[in-house]
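Written out below as C-alpha cells is the structure these notes cover.
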Amino acid sequence: MIFQLGFTYCWSNFSVPLEQSMQCTRRETSLIFTLQSVCYSLGNLLGGLLNQHIRLRKMLLVSAAAISSGLILTSLGGSLPQIFISYGIIWGLGSGIMNNTVLSNGSRWFPDRPVFATGTMLSFFGVGSFLLGLLVSFTLASAGWRGLFLAIGLFFGCLSLLLSFFITPPPIMPSDSPKVPGGLPAKEMLRTRSFWQLFCWAALLMTGGMLALSNAAPIAISMGADVSLAGLIASLLALANAFGRVGGGFLYDRLGSLKMIKLTDFIFLCSCFTMAAALFQNSLGLLVITFFCMGITYGLTLMCSTTLVKERYGARSVPGILLQIRRRPHDGYGPLLHLVLSQYVRTGL
C-alpha cells in the first residue's frame with residue numbers, strides 16, 4: 001500500500017501538461033501540490049488519532065476510498081478549483097491517513113528489527129515513485145494526463161481493496177521504548193527540547209527534498225531536457241529517495257543516530273553546492289547529481305526522524321506526531337521556494 005503513495009512524487013511530470021490544458025501558471029500548479037502536502041500532513045495527524053479508536057482494516061478501506069476517488073475526480077476535473085479539491089484535499093488526506101496507518105502498525109510485525117522494517121516500508125514509497133514515474137513518462141503523451149489519473153485511480157482502488165482483506169492487526173508489544181518506559185504521549189513529547197531540535201533539523205533538510213521532488217521535471221525542462229528525459233530525471237530522484245530510506249534503515253542499526261545525522265548533513269551540503277553550480281552553469285549533468293544527493297538526503301532524513309522519535313519517546317508518539325516532523329512546515333514553502341529561486345536566477349536580481 002505504501003507503494004501507491006509514491007504517485008505523490010510524480011506530480012512534477014503532470015505540471016506542464018496540466019498548465020497547457022488548463023491555461024494556468026506554474027505558481028498555480030505548485031499551489032495544488034502545496035495544498036496536497038498540507039492535507040497529507042493533516043491526514044497523518046488525523047490517522048494517528050483515528051488509529052487509536054478504529055480497526056486497522058476499516059482505516060485502510062477509508063483511506064483507499066479517498067485516494068482512489070481523489071484521482072478519479074481529478075481526471076474528470078474541468079477547472080482548477082475542482083483539482084484543488086480532488087487532488088489537493090481528497091487525495092492528500094487519504095494518502096496521509098494510509099501512510100500513518102501502515103507505518104505506525106507495520107514495524108510491530110518485526111519487533112526484532114523495527115528500524116530495518118520501517119526503512120524497508122519507507123523505501124517502497126520511493127520505489128513506487130520511481131516505477132510510477134517511469135510509467136507516467138512513457139505513457140503521458142499517448143494516454144494524456146486525464147487518462148492516467150483515471151486508470152491509476154481505478155487500479156489503486158482495486159489493489160487497496162484486495163490487500164485490505166489480507167492484512168491483520170500487529171501483535172501488541174509490551175514496551176514501546178527502551179529509553180522511555182511505556183512511551184511518552186504526544187503532548188509530553190512536545191514539551192521536550194530535543195523534540196524541537198529534531199523538528200528544526202528535519203524541516204531544514206527536507207525543504208530541499210520537497211523543492212526538488214515537486215519541481216524536478218519542470219527544472220529539467222527549463223535546462224533544455226525534453227519531456228521524456230525530464231520524466232526520467234524525476235524518476236531517478238525518486239529512486240535515490242528509495243535508496244536513502246532503505247539504506248538509512250540498514251546503516252542506522254550499525255552506525256547509530258549521531259553518525260547517521262552527520263552523514264545526512266554532509267550529503268545535504270553537497271547537494272546545495274551542486275544545485276548552485278547547476279543553476280548558474282545550466283548543466284543537466286550537475287542537476288542529475290544534485291537530485292541524486294537530494295533524494296538520498298530526503299530518504300535518510302525520513303528514516304532518522306522516524307527512528308529517533310520511536311527510540312527516544314516510544315511508539316505512542318509515532319502515529320500522531322512523527323509524520324508531522326517529516327512534513328511540516330517545509331511542505332508549504334518547499335515547492336514554492338523553487339519559484340522564488342528560479343525567478344532570482346532568471347532576472348539576476
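In the hydrophobic cluster analysis, where Ile, Leu, Val, Met, Phe, Trp and Tyr join through side-chain heavy atoms closer than 4.5 angstrom, F291 is grouped apart from I289. Both W91 and L159 belong to a common hydrophobic cluster when Ile, Leu, Val, Met, Phe, Trp and Tyr are linked at side-chain heavy-atom distances under 4.5 angstrom. If you chain together hydrophobic residues whose side chains sit under 4.5 Å apart, F268 and F273 never meet in one group. L269 and L205 fall into different hydrophobic clusters, where Ile, Leu, Val, Met, Phe, Trp and Tyr are joined by side-chain heavy atoms under 4.5 Å apart, directly or via other members.
For the pairing with I152, the side chain to side chain contact (heavy atoms under 4.5 Å, CB included) check across I72, L71, T74 returns one residue only, L71. Only one option out of W11, F33, W145, F14 pairs with Y87 in a ring pair (Phe, Tyr, Trp, His ring centres under 6.0 Å); it is W11. Screening T301, D265, T264 for a side-chain hydrogen bond (donor to acceptor under 3.5 Å, both in side chains) with W201, the sole residue that qualifies is D265.
Between V102 and L60 the shortest side-chain heavy-atom distance falls below 4.5 Å. Residues I89 and F84 are not in side-chain contact: their nearest non-hydrogen atoms beyond the backbone lie 4.5 Å or more apart. Under the 4.5 Å side-chain criterion, counting only non-hydrogen atoms from C-beta, L279 is in contact with M223. No side-chain heavy atom of L73 sits less than 4.5 Å from a side-chain heavy atom of Q82. Residues L229 and L284 form a side-chain contact, since some pair of their non-hydrogen atoms from C-beta on lies under 4.5 Å apart. Between L140 and P17, some side-chain heavy-atom pair lies under the 4.5 Å cut-off. Residues I32 and L80 meet the side-chain proximity criterion, which asks for heavy atoms closer than 4.5 Å.
What you find for A278 and L286 is that their closest heavy atoms are CB-CB, 3.7 Å. The two residues Q36 and S95 make their nearest non-hydrogen contact at NE2-OG, 4.0 Å. Across I296 and I267, no two heavy atoms sit closer than the pair CG2-CD1, 3.7 Å. Nearest approach of S160 to I67, heavy atoms of both residues: OG-CD1, 4.3 Å. Of all heavy-atom pairs between N100 and G47, the closest is OD1-C, 3.7 Å. Closest non-hydrogen pair, S86 versus I90, comes out as O-CB, 3.3 Å.
To the nearest 0.5 Å, atoms CD1 (I219) and OG (S15) are separated by 10.5 Å. Between atom OH of residue Y40 and atom CG of residue L5 there is a gap of 6.0 Å, rounded to the nearest 0.5 Å. Atom CE of M294 and atom OG1 of T274 lie 7.0 Å apart (nearest 0.5 Å). Between atom CG of residue L148 and atom OG of residue S75 there is a gap of 10.0 Å, rounded to the nearest 0.5 Å. For the atom pair CG of L35 and CD1 of I83, the computed distance is 12.0 Å after rounding to the nearest 0.5 Å. Here CG of L61 is found 9.0 Å from CE of M98. Values are rounded to the nearest 0.5 Å.
Aromatic ring centres of F7 and F149 lie closer together than 6.0 Å.
Shown here is F292, whose CZ atom has no more than 12 heavy atoms of other residues, nucleotides or ligands within 6.0 Å.
Side chain of S142 to backbone of T139: a donor-acceptor contact under 3.5 angstrom is found. Side-chain N or O atoms of S68 include one that pairs as donor or acceptor with a backbone N or O of G153 at under 3.5 Å.
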